[in-house]
Amino acid sequence: MNQNYWLMKVEPEAYSLETWKKEKVTYWDGVRNFMARNFMRDTMKKGDQMFFYYSNSHPSGIVAQGQIVREGYPDFTAFDPQNIHFDPQSDSQNPKWYMVDVQYVKECRPIISLKNLKECKDLKNMMLFRMPRLSVQPVGEKEWKIIQQLGHWINE
DNA sequence: GCCAACGTTGGC
DNA sequence: GCCAACGTTGGC
């Protein structure tokens, strides 16, 4: 089976690493971008690995690693008018947005900051730099391995 | 189907 | 908090 790698962004105020570590598995709701949605709906497979990336943070960067444990299914937060991610164009008969479930694997401490990533010349082709606003994006196997080396990973 | 206006993301 | 980049919307 072909193993894929991903980077998924979250703002720490929206969903923190501490919460993820406690819950172990979370659904990745609220993605409202077509390219990111298509990756989750069509390409992500159970067993794929992902970096958990803090955006809009001080600093921004990779703080943990996880894996996909459930493949794309409708993002039900879009159906709920009370929810901040509500989208009237999406309903359960014809869902517009999708999500996956991700399980916590291990933490990276200290953070691998965006600056660290940019300074690593072997990573200069990362999609992160070319498409800085894409919140769910693939990571190449080579890049994945380099980042594994770059970080200090902690299993708790 | 083009493209200007608008809204959002996210680094700084 | 500013603002550049860029995805999306909507008028035509």
Side-chain angles (χ1 to χ4, degrees), chain A residues 4-21 23 26-44 48-68 71-140 142-144 146-153:
Chain A
N4 285 311
Y5 304 95
W6 305 93
L7 182 144
M8 299 172 78
K9 298 182 189 175
V10 66
E11 301 195 3
E13 296 78 22
Y15 189 81
S16 73
L17 176 57
E18 285 65 39
T19 308
W20 195 30
K21 284 166 72 174
E23 294 182 343
T26 188
Y27 49 82
W28 206 266
D29 63 310
V31 171
R32 298 292 178 266
N33 168 284
F34 290 113
M35 201 182 296
R37 178 207 63 184
N38 292 348
F39 283 135
M40 292 201 292
R41 188 188 59 185
D42 307 330
T43 318
M44 277 188 183
D48 284 0
Q49 302 193 70
M50 53 79 82
F51 289 130
F52 183 93
Y53 178 99
Y54 269 168
S55 63
N56 251 321
S57 192
H58 306 286
S60 295
I62 293 168
V63 291
Q65 186 182 316
Q67 62 180 340
I68 310 305
E71 295 175 10
Y73 64 104
D75 180 345
F76 53 78
T77 67
F79 310 151
D80 175 8
Q82 307 293 86
N83 194 288
I84 190 172
H85 299 303
F86 175 62
D87 181 354
Q89 291 178 35
S90 187
D91 61 63
S92 54
Q93 300 312 309
N94 191 17
K96 183 174 174 187
W97 304 112
Y98 283 73
M99 58 188 178
V100 295
D101 287 355
V102 291
Q103 181 177 46
Y104 170 79
V105 172
K106 57 186 174 181
E107 183 174 356
C108 179
R109 214 156 48 199
I111 186 171
I112 306 174
S113 68
L114 179 60
K115 186 163 173 282
N116 297 151
L117 294 169
K118 279 183 173 165
E119 281 167 359
C120 184
K121 66 177 194 306
D122 291 332
L123 295 176
K124 66 173 186 298
N125 292 323
M126 272 189 87
M127 194 179 278
L128 186 60
F129 312 139
R130 277 178 292 121
M131 308 206 63
R133 296 180 46 191
L134 185 61
S135 67
V136 174
Q137 54 181 267
V139 173
K142 209 178 83 191
E143 283 79 17
W144 177 270
I146 290 166
I147 295 169
Q148 290 294 324
Q149 299 294 321
L150 222 53
H152 178 229
W153 300 91

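Residue numbers start from 1 in every chain, and the chains themselves are labelled A, B, ... in the order their sequence lines are given, proteins ahead of strands.
Atom CZ in A:Phe39 sits roughly 12 Å away from atom P in C:dG7 (whole-Å rounding). The CD-C1' distance, from A:Glu11 to B:dT8, rounds to 11 Å in whole Å. Atom CG in A:Leu117 sits about 15 Å away from atom C1' in B:dG10, given to the nearest Å. Atom-to-atom, OH of A:Tyr54 to P of B:dC12 comes out at 19 Å; the value is rounded to the nearest Å. The distance between atom CG of A:Leu134 and atom C1' of C:dT8, rounded to the nearest whole Å, is 15 Å. For the pair A:Gln89 CD and C:dG10 P, the interatomic distance rounds to 8 Å; values are reported in whole Å. Protein atom CZ of A:Phe129 is 10 Å distant from nucleotide atom P of B:dC12, rounded to whole Å. The distance from atom CZ of A:Phe34 to atom C1' of C:dT9 is 10 Å, rounded to the nearest whole Å.
With C:dC6, B:dC12, C:dG7 as the candidates, the nucleotide lying closest to the side chain of A:Leu114 is B:dC12. The side chain of A:His58 sits closest to B:dC12 out of B:dG11, C:dG7, B:dC12.
The shortest distance between the side-chain N/O atoms of A:Ser60 and the OP1/OP2 oxygens of B:dG10 is not below 4.0 Å. Dashed line: the shortest gap from a side-chain N or O of A:Lys9 to OP1 or OP2 of B:dT9 is not under 4.0 Å.
Among the atoms of the strands shown, none is found under 4.0 Å from any heavy atom of A:Met35. As judged by a 4.0 angstrom heavy-atom cut-off over every strand, A:Lys115 is placed among residues making no nucleic acid contact. Residue A:Tyr53 is classed as a sugar-phosphate contact, given heavy-atom separations below 4.0 Å to backbone atoms only.
Rounding to the nearest 0.5 Å gives a distance of 10.5 Å between CG of A:Leu117 and OG of A:Ser60.
Place A:Arg130 and A:Asn56 on DNA chain C by their nearest nucleotides, and A:Asn56 ends up nearer the 5' end.
Residues A:Phe34 and A:Trp97 place their aromatic rings such that the two centres sit under 6.0 Å apart.
In this structure a side-chain-to-backbone donor-acceptor pair under 3.5 Å is present from A:Gln137 to A:Leu134.
Looking at A:Arg133, its side chain comes within 3.5 Å of the base of B:dT8 through a donor and an acceptor atom.
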Might you work through the side-chain hydrogen bond (donor to acceptor under 3.5 Å, both in side chains) test for A:Glu107 and A:Gln65, ending with a clear yes or no? CA-CA 6 Å; A:Glu107 183 174 356; A:Gln65 186 182 316; over 6 Å; no
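Atom CE of A:Met35 has 12 or fewer neighbouring heavy atoms from other residues, nucleotides or ligands inside a 6.0 Å radius.
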